[in-house]
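Report on the structure given below.
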Amino acid sequence: MRPRALILGGGGLILVLGTMLGVGAWRSGDLPWQQEQAAISGIRAADLGAMSWQLTSHEGETVRPQDWIGTPSLVFFGFTWCPDVCPMTLLNISDWLEDLGPDADRLAVHLFSVDPERDSPAVLADYLANFDPRITGLTGTPDEVAHAAQAFDVTYRRVPRDDGDYTVDHTAGVFVFGTDGRLSSIIDLHEDPQFAVPKIRQALNDEG
Amino acid sequence: MLKLIAATLGMAAVLPAMAHAECAEVSQGDLSISAAWSRATIGTARPAVFYVTIQNNGSTEDRLIGIETPVAGMPMLHETVLSDGVASMPHADQISIAAGETVSLAPGSYHGMLMDLNEALTEGESFPMTLQFQNAGTLTIDTDVVSIREREAPCAPAP
């Protein structure tokens with residue numbers, strides 16, 4: 001065999017092997033983007049109509065997921081002891097509501113507390129009084145909150161601090177639900193407002 | 001007419017300056033710190049936040065290694081980190097400021113977390129914050145307390 005044929009043959013073999021390995025990884029779902037897709041599709045399946053939780057609003061009213069069907073809604077997860085991420089999210093949402101103009105009045109916007117031990121309805125009310133009045137706070141017993149968070153496939157965990165106090169790690173995105181109660185999109189914490197507002201508009205326009 | 005044009009131009013020059021007063025700036029060695037701000041708190045139970053801009057004009061790296069203030073018993077440096085969509089706030093042992101670089105403690109990133117507040121922080125007031133650097137030593141800056149609804153310093157960094 002001449003050297004050139006050897007190189008070609010070797011290259012071909014590598015190509016075939018590479019393709020086989022690649023197909024193997026693809027079929028087993030091991031590729032990073034596939035895992036990401038799977039995670040997203042899990043959340044994408046979120047459907048308010050199929051959820052069964054019950055929480056209490058900062059005004060003391062009982063709230064169930066079915067209450068939001070027929071209304072486009074935003075839900076985000078946080079707690080009032082959070083000094084950086086939560087005020088930032090609340091301010092982002094206030095800006096989006098302003099950008100949306102009168103259309104924003106058709107949206108239901110909810111801060112879902114992942115710190116039920118400290119965030120009672122009264123504590124939420126006290127805190128939310130400082131932000132856009134269209135934002136409703138939700139809380140409940142630790143069990144109620146855990147059950148509801150699970151329905152949204154949301155992660156939160158209590159992290160103890162050195163001084164005996166604690167903070168809470170939590171999912172930071174804002175979930176956008178359409179009128180049909182199905183997840184329409186998620187707005188990431190650092191997402192550019194030029195992408196955030198159209199995502200909400202999409203849910204508003206799907207209203208039909 | 002000329003007077004009117006001159007007056008208009010004059011106003012145009014003055015207006016932005018009025019909207020954004022120049023930030024207090026403190027310098028020592030190669031470091032300059034400015035635009036120190038915090039948000040008003042509801043009472044003293046919840047932690048407050050501290051943001052600032054640090055400029056390293058020198059040719060060697062420096063590191064912010066701690067913060068101290070009379071308004072909080074336990075001020076710490078933290079960093080907001082997003083991992084798989086989950087936000088956490090680990091303690092930052094030190095924050096590097098590379099030679100010639102500017103680093104901002106800003107919303108969604110590095111920030112000071114002021115725990116065990118001795119007093120509520122009120123909009124319009126200010127408090128001193130002392131920053132400890134590995135090389136430059138300690139610098140103290142007046143920190144402006146702004147509304148809980150603000151997302152940036154109430155002043156523009158000095159030109």
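By convention in this document, chain letters (A, B, ...) are assigned in the order of the sequence lines, proteins followed by strands, and residues within each chain are numbered from 1.
- For chain A, the nearby part of B/L82 is the side chain; its heavy atoms alone come within less than 4.5 Å.
- With respect to chain B, the highest number of heavy-atom pairs below 4.5 Å among A/D165, A/T171, A/V85, A/T155 belongs to A/T171.
- Scanning both residues, B/P107 and A/M88, for their nearest heavy atoms gives C-SD, 3.6 Å.
- In terms of non-hydrogen atom pairs under 4.5 Å with chain B, the most contact-rich of A/P83, A/A172, A/C82, A/G78 is A/P83.
- Only the side chain of B/M74 comes within contact range of chain A, with at least one heavy atom under 4.5 Å from a heavy atom of that chain.
- Here the OG-NE2 distance, from B/S88 to A/H170, works out to 9.5 Å after rounding to the nearest 0.5 Å.
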Report task. Test B/Y110 against A/D84 for side-chain hydrogen bond (donor to acceptor under 3.5 Å, both in side chains), laying out the working first. Result -> CA-CA 9 Å; B/Y110 286 118; A/D84 184 55; over 6 Å; no
Requested in this report: Before giving the answer on side chain to side chain contact (heavy atoms under 4.5 Å, CB included), spell out for A/R161 and B/M89 the whole-Å C-alpha distance, their side-chain angles and the decisive distance to 0.1 Å.
Outcome: CA-CA 11 Å; A/R161 271 180 8 205; B/M89 228 174 38; over 6 Å; no
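- Inspection of non-hydrogen atoms places no residue of residues 108-118 of chain A under 4.5 Å from chain B.
- No salt bridge links A/D132 with B/R149; every basic N to acidic carboxylate O contact stays at or beyond 4.0 Å.
- For A/T167, the part lying under 4.5 angstrom from a heavy atom of chain B is the side chain only.
- Remark: side-chain polar atoms of B/R46 are paired, donor with acceptor, to backbone N or O of A/T80 under 3.5 angstrom.
- If you measure heavy-atom distances from A/N130 to chain B, the contacts under 4.5 Å come from both the backbone and the side chain.
- In terms of heavy-atom pairs under 4.5 Å with chain A, the best-connected choice from B/V49, B/I42, B/D116 is B/I42.
- Heavy-atom neighbours of A/Q150 CD from other residues, nucleotides or ligands within 6.0 Å: at or below the threshold of 12.
- To the nearest 0.5 Å, the span separating OH on A/Y127 from CD1 on B/I148 amounts to 5.0 Å.
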Report task. Start with the C-alpha distance between A/D95 and B/R151, add both sets of side-chain angles, then the distance that settles side chain to side chain contact (heavy atoms under 4.5 Å, CB included), and finish with yes or no. Result -> CA-CA 11 Å; A/D95 284 355; B/R151 55 168 75 239; 2.9 Å; yes
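- Considering only heavy atoms from C-beta on, B/V86 stays 4.5 Å or farther from A/Y156 through its side chain.
- Rounding to the nearest 0.5 angstrom, the gap separating the CH2 atom in A/W81 from the CE atom in B/M115 is 14.5 Å.
- Only the backbone of B/S109 comes within less than 4.5 Å of a heavy atom of chain A; no side-chain atom from C-beta onward does.
- Counting non-hydrogen atoms of neighbouring residues, nucleotides and ligands closer than 6.0 angstrom, the CD atom of A/Q54 exceeds 12 such neighbours.
- Residues that satisfy the salt bridge (Lys or Arg N to Asp or Glu O under 4.0 Å) test with A/E59, not counting sequence neighbours, are absent from this structure.
- Contacts between B/D84 and chain A at a heavy-atom distance below 4.5 Å are absent for every atom of the residue.
- Using a 4.5 Å cut-off between heavy atoms, B/A45 touches chain A through backbone and side chain atoms alike.
- For B/E68, the CD atom counts as loosely surrounded, since its 6.0 Å shell holds 12 or fewer non-hydrogen atoms of other residues, nucleotides or ligands.
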